[in-house]
Amino acid sequence: MNRLLKCLASFACALLALPAQATLQITDDMGVVVNFERSPQRIVSLLPSLAETVCELGQCHRLVGVDRYTNWPASVKALPQVGGGLDPNIEQIVALRPDVVLMATSSRAGERLRSLGIPVVALEPKTHADVQRVMLQIGQLLEVSGAQRIWHAIDAAVMAAAQSLPAGVRGTRVYFEVNPGPYAAGEGSFIGETLARLGVKNIVAASLGPFPKLNPEYIVRANPDLIMVGQRSVEGMMQRPGWHSLRAMRGQHLCVFTADESDTLMRAGPRMAEGARIMARCLASKAPGVKKSPRAPIALTALTGAQPPRGSLPSKDAHPAWGGPAPDRS
């Protein structure tokens, strides 16, 4: 009996000496398996759409640092900013003692942070399916319920936006410019997917990529019915050769989004449904096939009702990773 007790005691000691086993495992978009002993409580995010997803899941309080572009919800503006995805402040991130850093797959910080013993999860939603997947993955990482319910609500709201449009909108040929490169949102981008669900035709074919840089002549040849563009891009648009003759320009079928609206539209995250509503309001007021009411508003901002969240457009030299679209911050 004594020998048995000694054996059991030795076995118990051996078990205690073993390293703690991971109770949570996430495979990120780089194919890296990341193990956690418990759900991260201190999170640094280097991509706005990921920070927004954390907050949409009701876990904003776990964020201890964000990139310089994250500005929604308003509470995140009080958090330390640790640079951008391409130029993160590694020392500042380390000082925040994060349990995990969320970043885009194209961020340059991952290898360095991992070498310092900081877990990194690289996730970069680029399509509607990606938004759903990332929502579920972050929900799993945070060990919270409701991620699937939130996604269903987003998806249903996009469908409702499409159903709200008059029949005359269907088939409208649209050019969506994301930055004055000009970079455009192609059919294969999450913006292009939203446009398709709204029943309109994107003039930028999927074969050109999700956010291609175009020769302005391409748009002149395509001659879109309607143009969607941010405030910064619209400034020099009429000076582009041949653009004054575009059908959309001649007929004033042009929606100019505020900086805040652009933030919402160009981030593949939980505000995707609001982006669909913004585009639907644009189409309902500006598409050439829609009968205009004498009281119809002209400016898109007059259509939005409540003021959109605050934000700003990216600089021209921003990197494609920070918004999905070439120079934005998703």
Side-chain angles (χ1 to χ4, degrees), residues 72 127-128 131 152-178 182 184-204 219 222-234 237-238 243 246-311 313 324-325 328:
W72 189 92
T127 65
H128 287 201
V131 173
H152 284 318
I154 293 169
D155 191 54
V158 173
M159 186 179 298
Q163 292 171 344
S164 73
L165 288 169
V169 167
R170 184 162 292 278
T172 299
R173 299 172 65 256
V174 175
Y175 168 65
F176 190 114
E177 184 164 306
V178 300
E187 289 179 322
S189 68
F190 68 93
I191 295 172
E193 289 179 336
T194 300
L195 288 171
R197 292 187 64 177
L198 293 175
V200 299
K201 173 65 177 173
N202 192 332
I203 67 162
V204 182
I219 297 99
N223 200 11
D225 301 319
L226 182 144
I227 294 173
M228 297 182 180
V229 64
Q231 285 175 329
R232 181 168 296 179
S233 292
V234 77
M237 194 170 273
M238 286 298 288
W243 277 52
L246 289 177
R247 183 182 297 113
M249 299 298 244
R250 293 198 317 270
Q252 297 185 357
H253 304 303
L254 179 71
C255 293
V256 181
F257 302 122
T258 67
D260 298 334
E261 290 165 336
S262 292
D263 276 349
T264 302
L265 286 163
M266 297 186 201
R267 292 178 181 174
R271 292 193 289 163
M272 195 175 72
E274 178 57 26
R277 286 189 286 267
I278 291 171
M279 284 191 270
R281 288 190 289 263
C282 159
L283 291 164
S285 69
K286 290 293 187 177
V290 176
K291 292 182 180 180
K292 302 297 186 295
S293 162
R295 295 184 180 181
I298 297 175
L300 180 63
T301 49
L303 297 171
T304 60
Q307 287 296 315
R310 301 183 53 134
L313 285 173
D328 206 0

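Residue numbers count from 1 along this sequence. Keep in mind it's a predicted model, so treat the numbers as computed, not measured.
Rounding to the nearest 0.5 Å places OG of Ser189 at 8.0 Å from NE2 of His128. With rounding to the nearest 0.5 angstrom, the CD1 atom of Ile227 is 5.0 Å from the CE atom of Met249. Rounding to the nearest 0.5 Å places CG of Leu246 at 10.5 Å from CG of Leu254. Rounded to the nearest 0.5 Å, atoms CE (Met279) and CG (Leu198) are 6.0 Å apart. Annotation: the span from Ile278 atom CD1 to Thr264 atom OG1 amounts to 4.5 Å, rounded to 0.5 Å. The CE atom of Met272 lies 15.0 Å from the CZ atom of Arg267; values are rounded to the nearest 0.5 Å.
Taking both residues in full, the closest heavy atoms of Ser262 and Gly230 are given as OG-CA, 3.9 Å, listed atom of the first, atom of the second, then distance. When all heavy atoms are compared, the tightest approach of Ile203 to Ala222 is CD1-CB, 3.6 Å. Between Pro182 and Glu177, the shortest heavy-atom contact is CB-OE1, 3.3 Å. Residue Gly275 comes nearest to Leu265 through the heavy atom pair O-CD2, 3.2 Å, listed as atom of the first residue, atom of the second, then distance. Here the shortest heavy-atom pairing between Cys282 and Leu226 reads SG-CD2, 3.9 Å. In terms of heavy-atom proximity, Asp225 sits nearest to Gly171 at OD2-O, 4.4 Å.
Counting only distance, with no hydrogens or angles, the side chain of Glu261 and the backbone of Thr258 share a donor-acceptor pair below 3.5 Å. Under a 3.5 Å cut-off, the side chain of His253 and the backbone N or O of Ala287 do not form any donor-acceptor pair. At distances below 3.5 Å, at least one donor-acceptor pair connects side-chain atoms of Thr172 with backbone N or O atoms of Val169. For the pair Asn202 (side chain) and Ala185 (backbone), a donor-acceptor distance under 3.5 Å is present.
Checking Met228, Arg232, Gln231 one by one against Val256, the side-chain contact (heavy atoms from CB on, under 4.5 Å) holds for a single residue, Gln231.
Within a 6.0 Å sphere centred on CZ of Arg173, heavy atoms belonging to other residues, nucleotides or ligands number more than 12.
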Run Ile219 and Trp243 through side-chain contact (heavy atoms from CB on, under 4.5 Å) and show every step you take.
CA-CA 8 Å; Ile219 297 99; Trp243 277 52; 3.6 Å; yes
